[in-house]
Engineer: 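Below is a structure I'd like to ask you about.
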Amino acid sequence: MIKAVFVDYTGTIVKDEGPDIQEVISRTYRNSDIESPQAMVSYWWKLLNEYEKKSCGSSYMSEDDIVDELLNICEREIHLEENLEELHAAFQRFWMYAPVYEDTKEFFEKCPLPVYIISNNAGKYIEESMKDKGLHPAGIISSDMARAYKPHRAVFEKALEVSGCRADEVIHIGDSVSSDVEGAMAAGIRPVLIDREGEKAAGGILSVRSLIEVLPFLDSQSSQAK
């Protein structure tokens, strides 16, 4: 029986776009040797994934520290000439004030079970985001708490610890096959892939186009518990 819902943050309840991240992309592209905005995005995410993958336990680096390191790499490798403090501040605004998806508020209001947010961003940014958007999760599990990044199972195990649930008593909803689906499965948690554009492939995994599509299943679980 499902007793709680884990849900990813960026790309699932908030969009991975908005004025702040567009500012970062535009400024880093215009003031470096990179050939296009799309190439800048690919370059950044490749570096970010590399650093998050090796950042664990005693080698853990916070997302803020990683951003500083990657901006310094951009200076060396693609000759970025920019105000790095301003770019870092734009990243922080993005983490806090990225726009929500249209179905997010309804999902939070109608979900019959406690909702826990799991994010690679620091808890303080998610807390501010929740205040800004008027959302009230049961808890927030950040990479800082687990000293690891998704898909590392330590993040999901920390979420189980915080929620007080077993792996078979929760589901995890996320938009990334590698980070959310594979990470949840590594911890024995049933994943739900949110694929808003219907473009992702995850064989044998429940896939939905909207958070609202998950509510009937959760309602049935809630009814069983009464």
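Predicted model only: the values in this text are computed from it and were never measured.
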Engineer: Taking atom CE of Met185 as the centre, does the number of heavy atoms from other residues, nucleotides or ligands within less than 6.0 Å exceed 12?
Structural biologist: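 No, the 6.0 Å shell around CE holds no more than 12 heavy atoms from other groups.
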Engineer: State plainly whether the residues Arg196 and Asp175 are in salt-bridge range, i.e. N to O under 4.0 Å.
Structural biologist: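 No, no charged N to carboxylate O under 4.0 Å.
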Engineer: Is there a side-chain contact between Asp33 and Leu80 (heavy atoms, below 4.5 Å)?
Structural biologist: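 The answer is no, as the side chains (C-beta and beyond) never meet within the 4.5 Å cut-off.
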Engineer: Determine whether the side chains of His172 and Asp8 contain a donor N or O and an acceptor N or O closer than 3.5 Å.
Structural biologist: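 Side chains of His172 and Asp8: no pair found under 3.5 Å.
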Engineer: Do His136 and Phe108 make the cut of ring centroids closer than 6.0 angstrom?
Structural biologist: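 No, too far apart.
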Engineer: Within 45 degrees of the ring normal and closer than 6.0 Å to the centroid, is that where the cationic atom of Lys158 sits relative to Phe156?
Structural biologist: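 Here Lys158 fails the 6.0 Å and 45° test against Phe156.
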Engineer: Using the salt bridge (Lys or Arg N to Asp or Glu O under 4.0 Å) rule, pick out the option among Lys54, Lys46, Lys53 that qualifies with Glu50.
Structural biologist: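 Testing each of Lys54, Lys46, Lys53 against Glu50, the sole residue satisfying salt bridge (Lys or Arg N to Asp or Glu O under 4.0 Å) is Lys46.
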Engineer: Using a distance-only test with no angle check, is there a side-chain donor-acceptor pair under 3.5 angstrom linking Tyr101 and Ser210?
Structural biologist: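 Note: Tyr101 and Ser210 side chains miss the donor-acceptor criterion.
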Engineer: Identify the two heavy atoms, one from Pro112 and one from Leu215, that lie closest to each other, and give their separation to 0.1 Å.
Structural biologist: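 Minimum heavy-atom separation between Pro112 and Leu215: CD-CD2, 4.4 Å.
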Engineer: Decide whether Asp16 and Thr10 meet the rule of one side-chain donor and one side-chain acceptor closer than 3.5 Å.
Structural biologist: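 Checked: Asp16/Thr10 side chains show no N/O donor-acceptor pair below 3.5 Å.
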Engineer: Before you tell me yes or no, could you show the steps for Glu63 and Tyr125 under side chain to side chain donor-acceptor pair (under 3.5 Å), namely the whole-Å CA-CA distance, both residues' side-chain angles and the distance that decides it to 0.1 Å?
Structural biologist: CA-CA 11 Å; Glu63 199 83 335; Tyr125 299 123; over 6 Å; no
Engineer: Could you tell me if the side chain of Phe107 sits less than 4.5 Å from the side chain of Val5, heavy atoms only?
Structural biologist: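 Val5 reaches Phe107 side chain to side chain.
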Engineer: For Glu52, is there an ion pair with Lys150 - N to carboxylate O distance below 4.0 angstrom?
Structural biologist: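 Answer for the salt bridge query: no.
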Engineer: Starting at CG of Leu84, measure out to CG of Asp68 and round the result to the nearest 0.5 Å.
Structural biologist: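 Those atoms lie 8.0 Å apart.
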Engineer: State, yes or no, whether a side-chain contact exists between Arg27 and Leu87 at a heavy-atom distance under 4.5 Å.
Structural biologist: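 With C-beta onward as the side chain, the pair touches.
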Engineer: In Å, rounded to the nearest 0.5 Å, how long is the span from CD of Glu69 to CG of Leu48?
Structural biologist: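 That separation rounds to 12.0 Å.
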Engineer: Give me the atom names and distance for the closest heavy-atom approach of Cys111 to Leu218.
Structural biologist: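 Closest pair (atom of Cys111, atom of Leu218, distance): SG-CD1, 3.7 Å.
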Engineer: Give a yes-or-no answer on whether the side chains of Lys133 and Ser129 include a donor-acceptor pair shorter than 3.5 Å.
Structural biologist: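 Distance-only check passes for Lys133 and Ser129.
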Engineer: From Ser207 OG over to Ile205 CD1, what is the distance, rounded to the nearest 0.5 angstrom?
Structural biologist: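 Reported to 0.5 Å precision, the distance equals 9.5 Å.
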Engineer: Is it the case that the side chains of Asp64 and Gln92 hold a donor-acceptor pair, with the cut-off being a distance below 3.5 Å and no angle test?
Structural biologist: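 Indeed, the side chains of Gln92 and Asp64 share at least one donor-acceptor pair under 3.5 Å.
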Engineer: Looking at Lys110 and Asp219, what are the two nearest heavy atoms and their distance?
Structural biologist: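 Heavy-atom minimum between the residues: O-OD1, 4.4 Å.
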Engineer: Return the minimal non-hydrogen interatomic distance between Cys165 and Val170, and the atom names on each side.
Structural biologist: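 That would be CB-CG1, 3.6 Å.
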Engineer: Calculate, to the nearest 0.5 Å, the distance between atoms CG and CD1 belonging to Asp180 and Ile194 respectively.
Structural biologist: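 Reported to 0.5 Å precision, the distance equals 10.5 Å.
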Engineer: Do you know which two heavy atoms are closest between Ala167 and Ala187, and how far apart they sit?
Structural biologist: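 Looking at all heavy atoms of both residues, the closest pair is CB-O, 3.5 Å.
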Engineer: Does Lys131 pair with Glu127 as a salt bridge, N-O distance under 4.0 Å?
Structural biologist: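 No, this pair does not count.
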Engineer: Do Phe6 and Ile189 come close enough that some side-chain heavy atom pair is under 4.5 Å?
Structural biologist: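 Side-chain contact under 4.5 Å: yes.
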Engineer: Please examine the side chains of Tyr116 and Val7, heavy atoms only from C-beta on, and report whether any two atoms are closer than 4.5 Å.
Structural biologist: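 A side-chain contact is absent here, since even the closest heavy-atom pair is not under 4.5 Å.
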Engineer: side-chain contact (heavy atoms from CB on, under 4.5 Å) for Ile34 and Thr28? Distances and angles first, verdict last.
Structural biologist: CA-CA 8 Å; Ile34 210 80; Thr28 51; over 6 Å; no
Engineer: Classify the side-chain pair Gln38/Tyr29 by whether it contains a donor and acceptor separated by less than 3.5 Å.
Structural biologist: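 No, no side-chain donor-acceptor pair sits under 3.5 Å.
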Engineer: Using a 4.5 Å cut-off on heavy atoms from C-beta on, say whether the side chain of Ile126 contacts that of Asn121.
Structural biologist: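 When only atoms from C-beta onward are counted, Ile126 and Asn121 do touch, with a gap below 4.5 Å.
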Engineer: Could you walk me through whether Arg147 and Cys56 pass side-chain contact (heavy atoms from CB on, under 4.5 Å), step by step?
Structural biologist: CA-CA 6 Å; Arg147 298 192 66 77; Cys56 182; over 6 Å; no
Engineer: If the test is side chain to side chain contact (heavy atoms under 4.5 Å, CB included), which one of Val162, Thr12, Val155 qualifies with Ile118?
Structural biologist: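 Only one of Val162, Thr12, Val155 forms a side chain to side chain contact (heavy atoms under 4.5 Å, CB included) with Ile118, namely Val155.
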Engineer: Before giving the answer on salt bridge (Lys or Arg N to Asp or Glu O under 4.0 Å), spell out for Lys124 and Glu128 the whole-Å C-alpha distance, their side-chain angles and the decisive distance to 0.1 Å.
Structural biologist: CA-CA 6 Å; Lys124 62 183 179 181; Glu128 173 60 26; over 6 Å; no
Engineer: Would you say Ser62 and Asp144 make side-chain contact, with heavy atoms under 4.5 Å?
Structural biologist: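 When only atoms from C-beta onward are counted, Asp144 and Ser62 do touch, with a gap below 4.5 Å.
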Engineer: Please tell me if the side chains of Val67 and Leu70 come closer than 4.5 Å, counting only heavy atoms from C-beta onward.
Structural biologist: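 A side-chain contact under 4.5 Å is absent here.
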Engineer: Between the side chains of Glu82 and Asn31, does any donor sit under 3.5 Å from an acceptor?
Structural biologist: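 Glu82 vs Asn31: donor-acceptor pair found between side chains.
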Engineer: When you check the side-chain N and O atoms of Arg30 and Ser26, is any donor under 3.5 Å from an acceptor?
Structural biologist: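 The answer is yes; a qualifying pair exists.
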Engineer: Do the rings of Tyr60 and Tyr149 sit parallel, tilted or perpendicular, given the 30° and 60° boundaries?
Structural biologist: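 Tyr60 vs Tyr149 ring planes: parallel.
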Engineer: Does a salt bridge link Arg209 with Asp103, judged by any charged N lying under 4.0 Å from a carboxylate O?
Structural biologist: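 A salt bridge is absent here (no side-chain N lies under 4.0 Å from a carboxylate O).
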Engineer: Between Thr104 and Ile13, is there a donor-acceptor pair closer than 3.5 Å when you use the side chain of the first and the backbone of the second?
Structural biologist: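 At least one qualifying donor-acceptor pair exists.
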Engineer: Where do Glu23 and Arg93 land on the side-chain contact (heavy atoms from CB on, under 4.5 Å) test, with the steps shown first?
Structural biologist: CA-CA 11 Å; Glu23 175 187 343; Arg93 292 194 301 272; 3.2 Å; yes
Engineer: How long is the gap from NE2 on His79 to OG on Ser32, to the nearest 0.5 Å?
Structural biologist: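 Separation between the atoms: 10.0 Å.
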Engineer: Could you tell me which non-hydrogen atom of Ala148 sits nearest to which non-hydrogen atom of Ser143, and how far apart they are?
Structural biologist: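 Of all heavy-atom pairs spanning Ala148 and Ser143, the closest is O-CB, 3.1 Å.
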Engineer: May I ask you to check if Arg190 and Phe217 form a cation-pi contact, with NZ or CZ under 6.0 angstrom from the six-membered ring centre and within 45° of the axis?
Structural biologist: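 Flagged: Arg190 positioned over aromatic ring of Phe217.
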Engineer: Please round to the nearest 0.5 Å and tell me the distance separating atom CD1 of Ile21 and atom CZ of Phe94.
Structural biologist: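 Atom-to-atom, Ile21:CD1 and Phe94:CZ are 4.5 Å apart.
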